[in-house]
Amino acid sequence: DAKTTQPNSMESNEEEPVHLPCNHSTISGTDYIHWYRQLPSQGPEYVIHGLTSNVNNRMASLAIAEDRKSSTLILHRATLRDAAVYYCILRGQAGTALIFGKGTTLSVSS
Amino acid sequence: KAGVTQTPRYLIKTRGQQVTLSCSPISGHRSVSWYQQTPGQGLQFLFEYFSETQRNKGNFPGRFSGRQFSNSRSEMNVSTLELGDSALYLCASSAGRPSTDTQYFGPGTRLTVL
């Protein structure tokens with residue numbers, strides 16, 4: 001699976017939007033972009049995934065660059081509960097394993 | 001639907017012993033994956049079982065093994081424990097479709113090796 005690059009940490013204030021970037025310059029045409037997050041003392045949880053088009057769900061939005069070499073996870077209004085480590089993961093057709101990087105630690109202040 | 005359950009939640013063992021961890025997936029899920037999480041190495045993929053067969057394997061020594069039963073429940077075994085095996089062991093269940101399926105994680109088993 002191709003690698004991703006994320007900032008180590010980001011900070012946000014409550015109620016403000018948060019844009020979490022991810023670079024994946026070696027992405028292949030069949031790789032899906034997945035985002036998971038891990039809240040303190042919990043297992044990771046799925047956030048969103050996409051292939052080429054921007055995606056929205058109740059948790060977040062995923063904006064994918066036209067060349068697919070980068071993407072951005074958007075939390076529209078951060079809450080204290082969104083403080084977590086966010087992982088951007090590429091998944092190809094070869095298997096189901098999630099290959100986690102270091103992720104971005106998001107801190108949210110009130 | 002009930003979520004992924006893992007037992008035990010906490011475990012303390014000594015070097016040289018072996019340990020077996022258990023994971024019950026979400027009903028209807030046929031894939032169970034195991035991950036190890038340590039402060040130094042982060043989250044690392046151990047292996048995946050699908051319909052009782054190991055389908056994928058990460059880069060871990062043969063001391064780490066697993067199996068899956070016909071009801072999709074899975075066990076993971078670590079033999080000859082080393083201090084470095086102290087970690088949070090997470091299992092995740094999914095339908096098993098590559099690329100797109102969502103993996104649902106359990107709360108993990110915290111293993112401490114003394």
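Below, read A as the first sequence line, B as the second, and so on, with proteins coming before strands; counting in each chain starts at 1.
- Within the 4.5 Å cutoff, the side chain of A:Glu45 has no heavy atoms near those of the B:Gln103 side chain.
- Interface residue B:Leu90: only side-chain heavy atoms are found under 4.5 Å from chain A.
- For A:Glu11, the CD atom is loosely surrounded, since the number of other residues' heavy atoms within 6.0 Å does not exceed 12.
- Using a 4.5 Å cut-off between heavy atoms, B:Phe47 makes no contact with chain A at all.
- Panel note: side chain B:Ser99, backbone A:Gly92; a donor-acceptor pair is recorded below 3.5 Å.
- By the 4.5 Å heavy-atom criterion applied to side chains, A:Gln38 and B:Leu43 are counted as neighbours.
- For the set B:Val4, B:Asp101, B:Leu46, the count of heavy-atom pairs under 4.5 angstrom toward chain A peaks at B:Asp101.
- Residue B:Gln37 touches chain A through its side chain alone, counting heavy-atom pairs closer than 4.5 Å.
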Q: May I have the step-by-step check of ring pair (Phe, Tyr, Trp, His ring centres under 6.0 Å) for B:Tyr35 and A:Phe100, ending in yes or no?
A: CA-CA 10 Å; B:Tyr35 296 83; A:Phe100 290 86; 5.8 Å; yes

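- When side chains are defined from C-beta on, B:Thr102 counts as touching A:Tyr36, because their heavy atoms get closer than 4.5 Å.
- Counting heavy-atom neighbours within 6.0 Å of A:Asp67 CG, excluding the residue itself, gives a total above 12.
- The CZ atom of B:Arg97 lies 10.0 Å from the CZ atom of A:Arg91; values are rounded to the nearest 0.5 Å.
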